[in-house]
Amino acid sequence: MEKLIVIDGNSIASRAFYALPLLSNSAGLHTNAVYGFTTMLLKLIEEEKPTHFLVAFDAGKVTFRHKDYTEYKGGRAKTPPELSEQFPLIKELMSAFGIRQFELEGYEADDIIGTLTKSAEQEGKDVLVVTGDKDMLQLVSDRVTVAVTRKGISEVDRYDPAEIQAKYGLVPAQIIDLKGLMGDSSDNIPGIPGVGEKTALKLLHEYGSVESVLEHADEMKGKMKEKVRDHADSARMSKEIATIYREVPMDTDWSGLAFSGFETPELAAMFRKLEFKSLLERLDFSGAGGAASSEGAESGPAEELVVRLVDADNITDLIGALQDVSALHVEAVGDNAHTAELVGAAFHTLEAGYYVPAAVLTAPGAEALRAWLADKGAPKSTWDRHRAELVLAWNGITLAGVTFDVMLAAYLLDPTESSLTLSGIADKYGALHVAPDEAVFGKGAKFRLPEPEAVAEHLARKADRISRLDVSLREKLEQADMKQLYYELELPLSGVLADMELRGIKVDTAGLKQLGDELAVQIERTMTEIYRHAGMEFNINSPKQLGEVLFEKLQLPVQKKTKTGYSTDAEVLEKLAPYHEIVQGILHYRQLAKLQSTYVEGLLKEVRKETGKVHTYYRQTIAATGRLSSQYPNLQNIPIRLEEGRKIRKVFVPSEPGWSILAADYSQIELRVLAHISGDENLKEAFTNNMDIHTKTAMDVFGVAESEVDANMRRSAKAVNFGIVYGISDYGLSQNLAISRKEASQFIEQYFAVFQGVRQYMDDIVKLAREQGYVTTLLHRRRYLPEITASNFNLRSFAERTAMNTPIQGTAADIIKLAMVQMDERLKAEGLKSRMLLQVHDELIFEVPPDELETMRRIVPEVMEGALALDVPLLAEVDYGSNWYEAK
DNA sequence: TTGCTCACG
DNA sequence: ACGTACGTGAGCAAA
C-alpha cells in the first residue's frame, strides 16, 4: 500500500524551534529546530512507514496572497535569525534522509500541499499531511489525513473527516468559513471582529457558510446583526485568504517522491556535524540502509571485514602476521581495570582481524604473541592503553610499544566529550560506525557475553576503527598544536600511571580496623544522644527524616531548601547550632559516619587480601581541566583538614620494613601559574621574593604594613585569592566569607586595583574565549566553552568563570604531570629503588628506602621545581615519615 | 538512577 | 534582575 507523507516544512520547523530550548553544537551552530524536525521525521518513519515522502517549504517574500491583501501575515513577528539560519541545515538534512523537498517562488507550502493532495485524491492514494497549522484541516478527506502538532512537536492530533465532525460539527470544506468568520490573528486575517470560535461555529451550524451567514444577516439580532453587516467584506476576503490554492503549476507525479532507507553515511555525517550523539547511537549506520536495528549488534550487509577466531591450533597464523598488526583492542568486563575480567584481545591487520579469547591469550602456545605485546620495538595503537596495560598485567602479560592511543587523543581534542567511547569517537570523527558496547554486551542486569563469534566480530571491528582513527586523530592533534602535549606528556604519563597503580600502596589493615572500632563506639554514643534530644529514633543518614525531626518536630527555623525538601547540610546545621543541642550532635555524627563508611569500611573493601595493598585507578580522561581523577578507592580525598580524619593517613605505610613515606607538594602552584600567565608584576614580585602570598595580598588589599596584618585580614585575603583562581564573583566571595555582597565587591575592587595585571588577564581571557570558542593551558591543552556566548545569564557566567579558571588549574595539572614523567625517568636513570605511589593534584607521594632518603629529599623538589620554567620560581616542600600522616 | 552530603586539591 | 565560587569520587537514601 502506497502512502505519502507531506510535511509543512516552515510550520514544523518553527514549532520545533519554539518548543525546544536553543541548543547549539560546539561550533556555535543553533540546532534546536533541526533536532526537533529530525525526531519528528524519525517518529513518522517508524510509525507510519511511508513509501513516499515530501517536505514543502514557503518560497519568496511575496506570495500571491499579498497582492490581494497587503496586510497578510503583517502582524507576525519577524523570523528570528536563530531560526532562519537553521533552514539551510534542515534542507541539507532532508537530502541526507533521501527525502525530496519542494518550494516554488510565490507560493506557500500550504498551496503546494493542497495541490499535491488534490491530485493524490484523484488517483485514490493515501496522504498524511503534517503541520502545525489548523488551517490545513480544510484539506482533510477520506484519502487525506492531517496531523497537527499539539503542544511542542512530539504529540500530534490526527484529523480525518469524522474527527472534524466530532470536534467542530463541520465538514472539512467549512474550515475556511470558520476562518472567514473568526479570522486568525497570527496571520493577520481579520474575520469579523468580536466573533471568536464559539460564535463562528454557532453561525456555521445554523447557516453553513460565510455567504449564507451574510445573506441571513437580517434575521440576526442587535449587535450581531450590526457586526455581520458592517464586516461582510472583511469576512468574504478572510475566507478567500484562508482558502488554500490547489492549482499550483507543478509536477504532481509521485514517482519522484519514493522513500526507501535513510540510514546512509550522508545522514551519519550530518548527525555528526550537528552533534546529535543520541541519534547516532540510536540508529544503525553500519549497514547500507535497512531499518533502525534494535539489536544494535552489527547486522545487515556491513563493510568487508575478515574475522579470524584464534585458537590453539591456528595461532601460528596470527603469530606469522604480527609484523602487520597496527592496532589492537583489549576487552575486559568491569569498571575497575585492576579487577576487570579479561575477555580477549583483537588484532587488526589490513588483511584480517584476529580475535584471541582470554583463555588462548594466557595459555601455553601464545608465548610469541605475548612477547610481541611486550616488545617495545613493536609499534601498536590502542583504545585506552592505560586500562589495557593494567588488565593484561593482572593476567601476567606485559604491554609495551604503544605509540598511539586513540582515547587519549580524543580526550585532548575535547576533554569535555560526553561519550568518550570508541563508538562515539568513531562517529564523531567520521570513521565507520561501530556498535556501542552496550548494544553487543547489554548493560546492568542484562549484561551477557554473546557467543565467541559475535565477540570476535565486534572486537575485530573495534580494532579496525582504532587503526582508522589513529590516522585522522594524529593529524587533528597536530592541527591543534598538541603534538608535544600528547607524545611527550600524556602518552608517556599513561605508562607511568599504570606502573604506580600496579605497585599500589600498603595499608595497615589492623590499624584501620582498630580505628573503625573506636569510631563505632563514638558513633553509638553520639546516636544515643541525638535520639535523646529528638525524643525518638530515626535514620540520621536520611536527609528527609532528619529534616522532619529538625524542622517539624523540633520547629527549628528553616534556613534553606533543596528541590526535594529541607536542606540539612553543614552550613545550615552551623546556623542552627545555637537553637538546639541536637545540632552539634548531628554535625559530630556526620563527621564520624563519613569516616567510618567511606574511609574505614570503604577502604577496607578495596584492600587486596593477598598483598594488603590498595591499587587506585587513576583516570586520565575524565577531568575537563586536565587533572587526574582517582577511583577504587579514591586516594585523592583522604581526610587532612580535621585531626580526627587526618588520622586515617596513619594507615598508609611503606610496603617494606624500614622504608619511609615521602611527600612533596607544590606551594601555591595555582597562584604562581596565575602570576606567570597574567604577567602581573606585583604578583610576580611577591613570589620572586618568596613572600607569604596571603599576607602579601592582605597588605595590598587593606593597605597596611606586614606587622599590621591580623589573622582575620589574612583569612579574608586567602579567600580572595581562592576566588581569583576560581573566576571571582562578589556573590561567591560574600558566601565564603559570610559578608555582604557589597563588602565582597569592595574587596575584589581593591584586589584588582593593586593586581592590575590579573584584572587584565581576566578580561582578556574571557574575550579570547568568546572569540575562539576555547581556552588553553601553557602546554596547549584545550577546553571548549560553547556557552560563553549563551544569552542565558547563568550559563554564560559559568562559562566565563571556567574561562578564567581552566588555564590556571589546567596549567598546574600540566606541570605536575610533567614532573611525574620526569620523576619516573630520573628514578630509572639513577637506578633508585624508591617508588612513586600517588599524585594528589599538587603533591606526589613516594616510598623510599632508608639509604635513599637524603637523595630523594634533594631530587624530588628539584624535579618538581624544574618541571617547567615560569617567570616565577616554583616551590616544592618535602617531608617524610613512617606513614603518610607523618609525612606532613 | 538521582539527589544530597561531604571528603580532597 | 538574573543566582555561583573551580575541579573531582563515594556512600547513603529513596525512588
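Chain letters run A, B, ... following the sequence lines, proteins first, then strands; residues in each count from 1.
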Whole-Å gap separating P (B:dC8) and CD (A:E643) | 12 Å
Considering only heavy side-chain atoms of A:Q545, the closest of B:dC8, C:dA14, C:dA10 is C:dA14
Answer yes or no: are there more than 12 heavy-atom neighbours, outside A:E581 itself, under 6.0 Å from its atom CD?
-> no
Send over the distance from A:K594 NZ to C:dC12 P, rounded to a whole Å.
-> 10 Å
Tell me what A:D665 touches on the nucleic acid: a base, only sugar-phosphate, or nothing, going by heavy atoms under 4.0 Å.
-> nothing
For the base of C:dT8, is there a side-chain donor-acceptor partner from A:R627 under 3.5 Å away?
-> no
Regarding the side chain of A:S597, the nearest nucleotide among C:dA13, C:dC12, B:dC8 is C:dC12
Look at all strands and tell whether A:A624 reaches a base, only sugar-phosphate, or nothing, counting heavy atoms closer than 4.0 Å.
-> sugar-phosphate
P-based separation of C:dT4 from B:dG3 [nearest Å] | 15 Å
Below 3.5 Å, does any donor atom in the side chain of A:Q636 face an acceptor in the base of B:dC8, or the other way round?
-> no
Which nucleotide, C:dA10, B:dG9, C:dC12, lies nearest any side-chain atom of A:H841?
-> B:dG9
Quick one: label A:I808 by what it contacts on the DNA or RNA (base, sugar-phosphate, nothing), any heavy atom closer than 4.0 Å.
-> nothing
Pairwise 5' ranking along DNA chain C for A:E601 and A:Y731, keeping only the more 5' one | A:Y731
May I ask you to verify whether the side chain of A:S729 and the base of C:dT4 hold a donor-acceptor pair under 3.5 Å?
-> yes
Look at A:K594 together with A:E644 and state whether they make a salt bridge at an N to O cut-off of under 4.0 Å.
-> no
With sugar-phosphate meaning primed atoms plus P, OP1 and OP2, does A:A570 contact a base, only sugar-phosphate, or nothing at under 4.0 Å between heavy atoms?
-> sugar-phosphate
Exceeds 12 heavy-atom contacts within 6.0 angstrom, atom NZ of A:K650 | yes
Angle class for the A:F722/A:H694 ring planes (parallel below 30°, perpendicular above 60°, tilted otherwise)?
-> parallel
Presence of salt bridge, A:K446 and A:E438, under 4.0 angstrom = no
Kindly check if the number of other-residue, nucleotide or ligand heavy atoms within 6.0 Å of CZ (A:F702) is above 12?
-> yes
Counting any heavy atom closer than 4.0 Å, what does A:L595 reach on the DNA or RNA strands: base, sugar-phosphate only, or nothing?
-> nothing
Hey, does the side chain of A:R590 come within less than 4.0 Å of B:dA7's phosphate (OP1/OP2), counting only N and O?
-> no
Across the strands shown, which category fits A:G723 at heavy-atom distances under 4.0 angstrom: base, sugar-phosphate, nothing?
-> base
Which part of the nucleic acid, if any, lies within reach of A:V725 when heavy atoms closer than 4.0 Å are counted: base, sugar-phosphate only, or nothing?
-> nothing
Quick note, A:K544 side chain, CB onward, closest among C:dG3, C:dT4, C:dA15 is C:dA15
Roughly how far, to the nearest 0.5 Å, is CD1 of A:I724 from CD of A:E670?
-> 13.0 Å
Could you check which nucleotide pairs with C:dC6 in any of the strands shown, counting Watson-Crick or G-U wobble with both distances under 3.5 Å?
-> B:dG9
Of the candidates B:dC8, C:dC6, C:dT4, the side chain of A:N805 sits closest to C:dC6
Inter-nucleotide P distance (C:dG3, B:dC8), Å rounded = 31 Å
Got a donor-acceptor pair under 3.5 Å from the side chain of A:R619 to the base of C:dG9?
-> no
Pairing of A:E749 and A:R759 as salt bridge, 4.0 angstrom limit = yes
May I ask you to evaluate whether A:T568 reaches the phosphate of B:dT5, defined as a side-chain N or O under 4.0 Å from OP1 or OP2?
-> yes
Can you find a donor-acceptor N/O pair under 3.5 angstrom joining the side chain of A:R641 to the base of B:dG9?
-> yes
Give A:Y632 one of three labels, base, sugar-phosphate or nothing, depending on what nucleic acid heavy atoms sit under 4.0 Å from its own.
-> sugar-phosphate
What is the distance, rounded to the nearest whole Å, between atom CD of A:E571 and atom P of B:dC4?
-> 15 Å
Across the strands shown, which category fits A:Q809 at heavy-atom distances under 4.0 angstrom: base, sugar-phosphate, nothing?
-> base
Which value, in whole Å, describes the distance between the P atoms of nucleotides B:dC4 and C:dA5?
-> 13 Å
Can you tell me how far P of B:dA7 sits from CG of A:L592, to the nearest Å?
-> 11 Å
What's the closest nucleotide to the A:R649 side chain, out of C:dG7, C:dA14, B:dC8?
-> B:dC8
Quick note, A:R801 side chain, CB onward, closest among C:dG9, B:dG9, C:dA5 is C:dA5
Closest to side chain of A:T564, choosing from C:dG3, B:dC6, B:dC4 = B:dC4
Taking atom P in both B:dC6 and C:dA1, what distance in whole Å separates the two?
-> 33 Å
NA contact type, A:T806, heavy-atom cut-off 4.0 Å: base, sugar-phosphate, or nothing?
-> nothing
Would you indicate what A:N794 reaches in the nucleic acid, counting non-hydrogen atoms under 4.0 angstrom: base, sugar-phosphate, or nothing?
-> sugar-phosphate
Listed nucleotide nearest any side-chain atom of A:F722, set C:dT8, B:dT5, C:dA5 | C:dA5
Answer with base, sugar-phosphate or nothing: what part of the nucleic acid does A:A719 contact at a heavy-atom distance below 4.0 Å?
-> base
Interatomic distance where CG belongs to A:L587 and P belongs to B:dA7 [whole Å] | 10 Å
Report the nucleotide, chosen from C:dG7, B:dG9, C:dG9, that has the shortest atom-to-atom distance to any side-chain atom of A:N637.
-> C:dG9
